[in-house]
Student: 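There's a structure below that I have some questions on.
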Amino acid sequence: MTDALFLSREEIDGLATPADYVGAVRDGYRQVGEGAPAHPRQKFRRSDPEGMFTSYAALLPETGAMGGYMYGAGFGAGDAWFVTPLFDAESGEPLALLDGASMNPFKTGAAGAVAVDELAREDATSLAVVGSGSQARGQLHTTATVRDFEDVRVYSPTREHREAFAAEFDDHLEATVSATDSSAEAVSGADVVITATKASEPVFDGDELEPGTHVTAMGQYEEGSRELDVRTIERATYVPDLRDRVTYDAGAFLAALEDGAVTADHVHAELGEVVAGNDPGRTSGDEITVFDSGGTGIETVAAAHMLYERAEDRGLGSPISLSPASEALTGRLPASE
């Protein structure tokens, strides 16, 4: 028997700062850029009751961990549950099982922040956020750790939501945070643009992007989801989290392919290849760059292992016992009493 730790949401909350997530995720992407294995998500759908079961994984040898995410969303309960199994990459033994929902915006946001640090201009001071939900919060919390933003403008379709979001972050950040009445107003003149929506149609006009803008899009991880228009993809140096995603479920890129505006060769590099120094990021001040973030096991394993180590140091977590296959994989029925 091997004891692993179960980490509850209450134990995970407060274990790490946004900057801590960014540091762990940056190192995870570096390892993948140097050859560590990670694959895009797999999605399994049911129509009655409607729902989606999703999983993805990665192995980070230098971190010493492997694992990923499994979550169900929808179905009869109309809710979602996120579970993160974590294994030791040397022994293969289970390390932990995390109640993974509360870390999701921060680990996903950390991937976006790493991309901003690699691809946005060093002198970027203005940020546009399109979206006002949990993922937008995670993106802003983490991205604010890699650039000194002075001006943040947020837009989402519901006035109360965008105004509440702006008020929340205006109190939290040193930057001035304000709500706008349109995405065009938010994006105009922005050095960095973040989209964190569930949009099926583009949320701004790609011709509105000024030279030198960086865009992080994290809500277009299936065919038919399109936060970015064809023009944005066409104009940009395009960097996805994983190259294998772009013809599988990167909705905006697939639309640009279908339109004939780009070919598969339009992919500049994976984020990990840029972080590892194998491919350049931004090469000029006028370049438009896009990071297409669909969610991977890279940020999940990197963040989960960081949280696991901190929980161990603080004596957190409940032990759960798991039997190795050498003992349990017998094919024998239990003995009768």
Side-chain angles (χ1 to χ4, degrees), residues 16-38 40-41 56 58-63 65 68-69 103-124 127-129 135-149 191-196 213-221 236-246 250 267-283 287-307:
T17 67
D20 295 330
Y21 278 96
V22 173
V25 169
R26 185 193 310 278
D27 192 61
Y29 271 93
R30 176 191 58 79
Q31 292 176 57
V32 171
E34 293 173 351
R41 71 179 69 208
Y56 46 74
L59 190 161
L60 303 180
E62 292 181 40
T63 299
Y69 240 171
M103 78 168 184
N104 184 286
F106 298 101
K107 63 92 179 176
T108 305
V114 170
V116 168
D117 206 23
E118 294 288 340
L119 299 172
R121 299 195 323 269
E122 291 288 342
D123 63 353
L127 170 65
V129 180
Q135 295 295 347
R137 287 192 186 92
Q139 293 287 332
L140 183 48
H141 277 302
T142 51
T143 301
T145 71
V146 300
R147 289 292 186 276
D148 293 323
F149 293 109
D191 301 317
V192 175
V193 177
I194 292 171
T195 60
T213 305
H214 168 74
V215 180
T216 286
M218 58 77 52
Q220 45 187 33
Y221 47 83
T237 297
Y238 177 84
V239 176
D241 43 17
L242 290 172
R243 192 182 298 269
D244 288 347
R245 268 196 62 241
V246 300
V267 177
H268 171 69
E270 291 184 357
L271 179 60
E273 294 166 339
V274 175
V275 174
N278 297 332
D279 289 285
R282 172 176 295 275
T283 59
E287 188 176 4
I288 292 174
T289 55
V290 163
F291 173 56
D292 192 335
S293 173
T296 76
I298 305 167
E299 55 263 32
T300 304
V301 173
H305 188 261
M306 173 194 64
L307 295 169

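Given the structure is predicted, the values throughout are model-derived calculations rather than measurements.
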Student: In the structure I gave you, are the side-chain heavy atoms of Ile194 and Leu127 within less than 4.5 Å of one another anywhere?
Tutor: yes
Student: Take Thr143 and Phe149, measure what side-chain contact (heavy atoms from CB on, under 4.5 Å) needs, and give me the verdict at the end.
Tutor: CA-CA 9 Å; Thr143 301; Phe149 293 109; 3.7 Å; yes
Student: Would you name the heavy atoms of Met306 and Ala24 that are closest together and state the gap between them?
Tutor: SD-CB, 4.0 Å
Student: Within a radius of less than 6.0 Å around CG of Asp148, do more than 12 heavy atoms belonging to other residues, nucleotides or ligands occur?
Tutor: no
Student: Under the rule for salt bridge (charged side-chain N to carboxylate O under 4.0 Å, His left out), what residues qualify as partners of Arg121, not counting sequence neighbours?
Tutor: Asp123, Asp191
Student: Could you tell me which residues satisfy salt bridge (charged side-chain N to carboxylate O under 4.0 Å, His left out) with Arg245, sequence neighbours excluded, listed by chain and number?
Tutor: Asp241, Asp249, Asp292
Student: Supply the atom-to-atom distance Ile298 CD1 to Tyr29 OH, rounded to the nearest 0.5 angstrom.
Tutor: 4.5 Å
Student: To the nearest 0.5 Å, how far apart are NE2 in His305 and OG1 in Thr300?
Tutor: 14.5 Å
Student: Do the non-hydrogen side-chain atoms of Met103 and Tyr21 ever get within less than 4.5 Å of each other?
Tutor: yes
Student: About how many Å separate CG of Leu119 and CG of Asp117, when rounded to the nearest 0.5 Å?
Tutor: 9.5 Å
Student: For residues Glu34 and Asn278, is any side-chain donor paired with an opposing acceptor at under 3.5 Å?
Tutor: no
Student: Considering non-hydrogen atoms only, spot the tightest contact between Asp244 and Glu270 and give its length.
Tutor: N-OE2, 4.5 Å
Student: Could you measure the distance from the CD atom of Glu287 to the NE2 atom of His268? Nearest 0.5 Å is fine.
Tutor: 7.0 Å
Student: Can you find a heavy atom in the side chain of Arg26 that is under 4.5 Å from one in the side chain of Glu118?
Tutor: yes
Student: Looking only at non-hydrogen atoms, find the nearest pair between Pro280 and Val274 and report the distance.
Tutor: O-CG2, 3.9 Å
Student: Verify, without hydrogens or angle tests, whether Arg147 (side chain) and Ala120 (backbone) share a donor-acceptor contact under 3.5 angstrom.
Tutor: yes
Student: Output the distance between atom CD (Gln139) and atom CE (Met218), rounded to the nearest 0.5 Å.
Tutor: 5.5 Å
Student: Between Ala111 and Leu271, what is the shortest heavy-atom contact and its length?
Tutor: O-CD2, 3.9 Å
Student: Of all residues at least two apart in sequence or in a different chain, which pass the side-chain hydrogen bond (donor to acceptor under 3.5 Å, both in side chains) check with Gln31?
Tutor: Asp27, Thr63
Student: Any idea which heavy atoms bring Val32 and Ala38 closest together, and the distance?
Tutor: CG2-CB, 4.3 Å
Student: Distance check, rounded to the nearest 0.5 Å: Asp20 atom CG versus Leu307 atom CG?
Tutor: 9.0 Å
Student: State, to 0.1 Å, how close Val267 and Arg243 come at their nearest heavy-atom pair, and which atoms those are.
Tutor: CG1-NH1, 3.6 Å
